[in-house]
Amino acid sequence: MDSHSLYDKLQVLEPREKELDTKERLKAMERPLLTWYSKHARALPWRDRPDPYRVWISEIMLQQTRVEAVKPYYERFIGDLPGIRELAAVPEDRLLKLWEGLGYYTRAKNLKKTAELLVEQYGGELPASYEELKKLPGIGSYTAGAIASIAYGIPVPAVDGNVLRVVSRVTGSREDILKQSVKTRMEEELKAVMPEEAASSYNQGLIEIGAIVCVPNGPPLCSQCPLASLCVARIKGLIGEIPVKTPKKNRKIVDITVMLLWQNGRIAIRKREDTGLLASLYEFPNVEGHLKEEEIPARLGVEEAVIAPLPAAKHVFSHVEWHMTGFWVELEEPLHGDYLWVTGTDLKKNYSLPGAFKAYTKLIR
DNA sequence: AAAACGGGGGC
DNA sequence: GCCCCAGTTTT
């Protein structure tokens, strides 16, 4: 029987697909990619003046974080800490306050650690070398490639989730893009075809296509894509199957009891451990497990307290869920221990409490 | 190779 | 409710 599906008819209208191997296909992206990027690049704050410091800060903020979320943080951060030396000298609490709400707080701590390193050992500047950049805390292969190419014009690739998606589609690769081995090979393949004089636009162009054309969720806008005629996934109708990603695992549930300790007009907070989840941020005193009201005094080591239950709350992290219950606890005297007793105003202005505690933070005047 | 590490936006 | 995001580090 004849095949007359819409897809078959459309395929007849396509220019005949050239027989290209992967390397030739990647090389063939260059001209359409650069032409398209010169015309369609979004105006973004960090693109105004791509000096190494500004590129570095933006790239760290953009790790696993959307452009729209980064914009206001970036502007404020650059305004407060305009250069490496200011960053190296900033107190950690003020730094974390600048980062509050962005997530992945290790990024901020690594930023400061690296700034100190740069002042002490690199003459206060980011090194103009992919290999040297990659040695710095918080800078992996993607970020090293991004800084090297965008700030210094060094022809090395910068393979992020966008590039993985775009290139796997263009080449028609059904390999699992979450595998490190697949990313490493793509980096090698792209390095071999990188234009010597246009590394910045080449990398940013690939990323830009991934962000606004070959989008991460929903169908790609192939009619706007400069790589459409080269794209194996599109030509073979594999857009829905590529990129391949392995399914992710379930989140662990953790029960937590949060206590708002109130004494003489002040609330107790404490600093979290400097490693692990929400490292170095502040929190309301809490314990793992769901405590009953009558268990509270003993846990706090007090004879008496006026206790009232607070609403339950849930916070979802990427790998764990906190299921929280809470109690309001009025004490006659301060507790011994590493607590800071702060007013509501002081709390909001000077201390970074992660969003996980929002349900309880908002109860404080 | 897998897990840890946030928070927000899209559907 | 699930997926994903201009990833890196630790286990």
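It should be emphasised that the depicted structure is a prediction, and the values quoted were computed from it without experimental measurement.
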Which atom pairs link the protein and nucleotides 7-11 of chain C when you take only N or O atoms and keep those under 3.5 Å?
unit_1: C:dG7; atom_1: OP1; unit_2: A:Gly161; atom_2: N; d: 3.1
unit_1: C:dG7; atom_1: OP2; unit_2: A:Gln64; atom_2: N; d: 2.9
unit_1: C:dG7; atom_1: OP2; unit_2: A:Gln64; atom_2: NE2; d: 3.2
unit_1: C:dG7; atom_1: N7; unit_2: A:Gln64; atom_2: NE2; d: 3.4
unit_1: C:dT8; atom_1: OP1; unit_2: A:Gly140; atom_2: N; d: 2.8
unit_1: C:dT8; atom_1: OP1; unit_2: A:Gly140; atom_2: O; d: 3.4
unit_1: C:dT8; atom_1: OP1; unit_2: A:Thr143; atom_2: N; d: 3.0
unit_1: C:dT8; atom_1: OP1; unit_2: A:Thr143; atom_2: OG1; d: 2.8
unit_1: C:dT8; atom_1: OP2; unit_2: A:Tyr142; atom_2: N; d: 3.4
unit_1: C:dT9; atom_1: OP1; unit_2: A:Gly138; atom_2: N; d: 2.4

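- If you check every strand for non-hydrogen atoms under 4.0 Å, A:Trp46 touches a base.
- Salt bridge status for A:Lys71 with A:Glu75: absent, with no side-chain N to carboxylate O gap under 4.0 Å.
- Look at A:Glu208 and A:Arg42 and you find a salt bridge, because one of the NZ, NE, NH1 or NH2 atoms lies within 4.0 Å of a carboxylate O, short of that distance.
- Contacts between residues 275-289 of chain A and DNA chain B, defined by a heavy-atom separation under 4.0 Å, are made by A:Gly276, A:Leu277, A:Leu278.
- Taking atom P on both B:dG6 and C:dT10, the two are 14 Å apart, rounded to the nearest angstrom.
- A salt bridge does not link A:Lys23 with A:Glu189: every distance from a Lys NZ or Arg NE/NH1/NH2 to an Asp or Glu carboxylate oxygen is 4.0 Å or more.
- Under a 4.0 Å N-O distance rule, the pair A:Arg174/A:Glu241 qualifies as a salt bridge.
- Rounded to whole Å, atom C1' of C:dC4 lies 6 Å from atom NZ of A:Lys245.
- The residues A:Glu175 and A:Arg185 are annotated as salt-bridged, a charged nitrogen and a carboxylate oxygen being separated by less than 4.0 angstrom.
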Which atom pairs, one a donor and one an acceptor, fall under 3.5 Å between side chains of residues 326-342 of chain A and the rest of the protein, sequence neighbours left out?
unit_1: A:Trp328; atom_1: NE1; unit_2: A:Glu330; atom_2: OE2; d: 3.2

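- Side chain to side chain, A:Tyr142 and A:Glu59 meet the donor-acceptor criterion of an N or O pair below 3.5 Å.
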### Task
Please lay out, stage by stage, how A:Ser200 and A:Gln204 fare under the test side chain to side chain donor-acceptor pair (under 3.5 Å).
CA-CA 6 Å; A:Ser200 174; A:Gln204 292 194 82; 3.0 Å; yes

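- If you look at A:Phe284 and A:Tyr360, their ring centroids are not closer than 6.0 Å.
- Bracketed by its first and final contacts, the part of DNA chain B lying under 4.0 Å from non-hydrogen atoms of chain A reaches from B:dA3 to B:dG9 in 5' to 3' order.
- In this structure, A:Arg165 reaches the sugar-phosphate backbone alone: every heavy-atom distance under 4.0 Å involves primed, P, OP1 or OP2 atoms, never a base.
- For A:Glu131 and A:Lys134, the salt-bridge test fails: no basic side-chain N is under 4.0 Å from an acidic carboxylate O.
- Judged purely by distance below 3.5 Å, without hydrogens or angles, the side chains of A:Asn110 and A:Arg107 never pair a donor atom with an acceptor atom.
- Between A:Ile207 and A:Glu321, the residue whose closest nucleotide on DNA chain C is further toward the 5' end is A:Glu321.
- Rounded to the nearest Å, the gap between the C1' atom of C:dA6 and that of B:dA3 is 22 Å.
- A ring-centre distance under 6.0 Å is not found for A:Trp46 and A:Tyr53.
- Ionic pairing of A:Lys109 and A:Asp274 is not present here: no N-O contact between side-chain nitrogen and carboxylate oxygen is shorter than 4.0 angstrom.
- Taking a pair as Watson-Crick or G-U with both hydrogen-bonding distances under 3.5 Å, the stems of three or more pairs touching DNA chain B are B:1-5 with C:7-11, B:7-11 with C:1-5.
- Proximity of residues 210-224 of chain A to DNA chain C (heavy atom under 4.0 angstrom from any strand atom) is restricted to A:Pro216.
- Ranked by how close their nearest DNA chain B nucleotide is to the 5' end, A:Lys252 and A:Ala69 are led by A:Lys252.
- Within 4.0 Å of A:Lys109, counting heavy atoms only, lies no atom of the nucleic acid at all.
- Contact annotation for A:Lys358: no contact, since no heavy-atom pair falls under 4.0 Å across all strands.
- Ion pairing between A:Glu132 and A:Lys135 holds under the 4.0 Å rule for side-chain N and carboxylate O.
- Judged by distance alone, the side chain of A:Trp262 and the main-chain N or O of A:Arg266 form no donor-acceptor pair under 3.5 Å.
- Remark: the backbone N or O of A:Val193 is paired with a side-chain donor or acceptor of A:Lys27 at under 3.5 angstrom.
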